Amino acid sequence: STLVSPAGHPHEERETWGKKIDFLLSVIGFAVDLANVWRFPYLCYKNGGGAFLVPYLFFMVIAGMPLFYMELALGQYNREGAAGVWKICPIFKGVGFTVILISLYVGFYYNVIIAWALFYLFSSFTGELPWVHCNNTWNSPNCSDLWAFNNSLNDTHKSTPAAEYFERGVLHLQDSEGIADLGLPRWQLTSCLAVVIVVLYFSLWKGVKTSGKVVWITATMPYVVLTVLLLRGVTLPGAMDGIKAYLSVDFLRLCEPQVWIDAATQICFSLGVGFGVLIAFSSYNKFSNNCYRDAIITSSINSLTSFFSGFVIFSFLGYMSHKHSVPLDKVATDGPGLVFIIYPEAIATLPGSSVWAVIFFIMLLTLGIDSAMGGMESVITGLMDEFKFLHKHRELFTLFIVVSTFLISLFCVTNGGIYVFTLLDHFAAGTSILFGVLIEAIGIAWFYGVDRFSDDIEEMIGQRPGLYWRLCWKFVSPCFLLFMVVVSFATFNPPNYGTYTFPIWANMIGWCLAISSMTMVPLYAIYKMCTLPGKFCDVSLVHISLVYITLLKLLVFHLLKWPMISSL
């Protein structure tokens, strides 16, 4: 960092948000995504109801908020993307490329979820929803009609019309035998994906001036729809039973380690730290913007949204449980199955079901679009700030990024696309994102220095971070992240989709994808050592080299312990 002149860099001319609210809505829109709806409520129900809020809020305070605050301050002070901010400590610049790569990888499959929602939205403009009966061309003999469907939920050989519509009518999974048999992209989903890409392009092509206006719709619409759905949901029979199950407090579950691990994992991924998005967004703030207040407001809204969405989800799950006379745990699930199978099935039983379906899938679209915009902006801003000549060609570069993403995403809209989707979802941003944030935290706290970082914040907002924040940055957050990386390795399970198990070669591709982003850290460090003037065997550089080599050895050691790898 001594090689970089500190003069002037915080105050360079740079595009800024049109209004402060544009920035806040963009951050909220990115952080509040589909996982807030399909992940948190289920975790809360599974892990002791209201008692789950204890570990969740604990990890939020000691790790989530400090890391969120750190990234906002880092981007705002240095006014560059995820890679450029590391001019403060050049040896760690590789972590910037790590998070840019991860955001790019996530875009390969995240846009497909939005395409599914768009497909469902188009399918909802009909008198009778297509996932109501078993008399469609895609249905199998195992399909059991929704209206006569009761105890058959316990029959593993039966499936609901909603499940078959998603897997056979939308994905056409029956035409694929596995990841080795993908087939061609299906034109219906390809068309929906193309619409999503076009929307993303015209939301991003002019920078924050356009994206800051789009989020006025995409970031606020989910709250309107969630409120409408809640008002409808609480009037349904069995809704109160579902909400009681969601909130039921079982403090004994706090004695189980898995509950704490689930809470820590949810905090890591729900706030959006480590994707470079918060750094990119805050880099367009005015230099004197109060990023401390922004961090508190936006991270709190994210957690409150997760909690609020649980009432919406479990009011309808309670209704489903009541309607089919089955225990709640038979209908409670998480992930895409919740929003593309269970929830549509519940909506189909309501009067005016098509209207409610349209409302619900508009919510999914808006939840997904602004999160996808954030990921794309991280890649675009990060690379443009690193390669300055791209600033003059933002429109063309944005087009290049979104078209490249579209072409890779085509693998996910084939007959066997769900297998590619599952593989990407499992490996693209799991261990690698935790590793990236860990290195980021170490770089700021131990190499750049917490005191120097605190001076930067004081220069911006006129107030030095308190002792609590400095302790979290220096000790608590790095230890928390190191714990999460170890847990991620220790609890690793190969991906699967239902009963389908991925072949070894597919798992190897997945690990190559994960490692490709993580290796940016040591590779750039080595490159920097080789290109800096002076003796290569300088003591400080050797020490840093040994740190990276040790990390790689640990990674290889853990990989060799897994039967999947050792059998090779």
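Source: prediction; values computed, not measured.
- At distances below 3.5 Å, not a single donor-acceptor pair connects side-chain atoms of Ser283 with backbone N or O atoms of Gln76.
- With hydrogens and angles ignored, the 3.5 Å screen pairs no side-chain donor or acceptor of Asn302 with any backbone N or O of Thr298.
- Between Tyr284 and Thr381, the side chains place a donor N or O and an acceptor N or O closer than 3.5 Å (distance only, hydrogens not considered).
- Although no hydrogens or angles enter the test, the distance criterion places a donor-acceptor pair under 3.5 Å between the side chain of Thr235 and the main chain of Arg232.
- Phe311 has its ring centre less than 6.0 Å from the ring centre of Phe307.
- In terms of modelled atom types and a separation under 3.5 Å, the side chain of Gln188 and the main chain of Phe119 share no donor-acceptor contact.
- Counting only distance, with no hydrogens or angles, the side chain of Asp370 and the backbone of Val215 share no donor-acceptor pair below 3.5 Å.
- Inspection of the Ser306 and Asn36 side chains reveals an N or O donor paired with an N or O acceptor under 3.5 Å.
- Distance alone, capped at 3.5 Å, is enough to place a donor-acceptor pair between the Trp17 side chain and the Phe281 backbone.
- Here the side chain of Asp33 pairs no donor or acceptor atom with the backbone of Gly29 at under 3.5 angstrom.
- Judged by distance alone, with hydrogens and angles left aside, the side-chain atoms of Lys323 form no donor-acceptor pair with the main-chain N or O of Gly318 at under 3.5 Å.
- The closest donor-acceptor contact from the side chain of Thr414 to the backbone of Phe411 lies under 3.5 Å.
- In this pair, Tyr319 and Phe316 present their aromatic rings perpendicular. The plane angle is above 60°, beyond the 30 to 60° band.
- With hydrogens and angles left out, the side-chain atoms of Ser282 and Glu71 include no donor and acceptor closer than 3.5 Å.
- In this model, no donor atom of one side chain and acceptor atom of the other lie less than 3.5 Å apart for Tyr500 and Thr422.
- Residues Phe68 and Leu271 share a closest heavy-atom pair of CE1-O, 3.5 Å.
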Problem set entry | Ser371/Leu34 under side chain to side chain contact (heavy atoms under 4.5 Å, CB included): CA gap, chis, key distance, verdict | CA-CA 9 Å; Ser371 295; Leu34 294 164; over 6 Å; no

Exercise. Yes or no on side chain to side chain contact (heavy atoms under 4.5 Å, CB included) for Trp356 and Leu229, after CA distance, side-chain angles and deciding distance?
Worked result: CA-CA 8 Å; Trp356 291 109; Leu229 289 174; 3.9 Å; yes

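- Between Phe340 and Trp116, the two ring planes are perpendicular [angle over 60°; tilted spans 30° to 60°].
- When all heavy atoms of Ala429 and Ser432 are compared, the closest pair comes out as CA-OG, 3.9 Å.
- Here the rule is side-chain contact (heavy atoms from CB on, under 4.5 Å) with Arg186, and of Leu193, Asp175, Leu171 only Asp175 fits it.
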For this session: Determine, step by step, whether Phe308 and Leu230 satisfy the side chain to side chain contact (heavy atoms under 4.5 Å, CB included) criterion, reporting the C-alpha distance in whole Å, the side-chain angles of both residues, the deciding distance to 0.1 Å, and the verdict.
Result: CA-CA 9 Å; Phe308 176 66; Leu230 178 62; 3.5 Å; yes

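- Across every non-hydrogen atom of Cys143 and Glu164, the tightest pair is CB-OE1, 3.4 Å.
- For the 3.5 Å distance criterion, the side chains of Glu167 and Tyr497 qualify, holding a donor opposite an acceptor.
- The backbone N or O of Thr98 lies less than 3.5 Å from no partner atom in the side chain of Ser517, so there is not a single donor-acceptor pair.
- Taking the six-membered ring wherever Trp is involved, the centroid distance between the rings of Tyr343 and Trp38 does not fall below 6.0 Å.
- There is a side-chain donor-acceptor pair under 3.5 Å between Tyr223 and Thr305.
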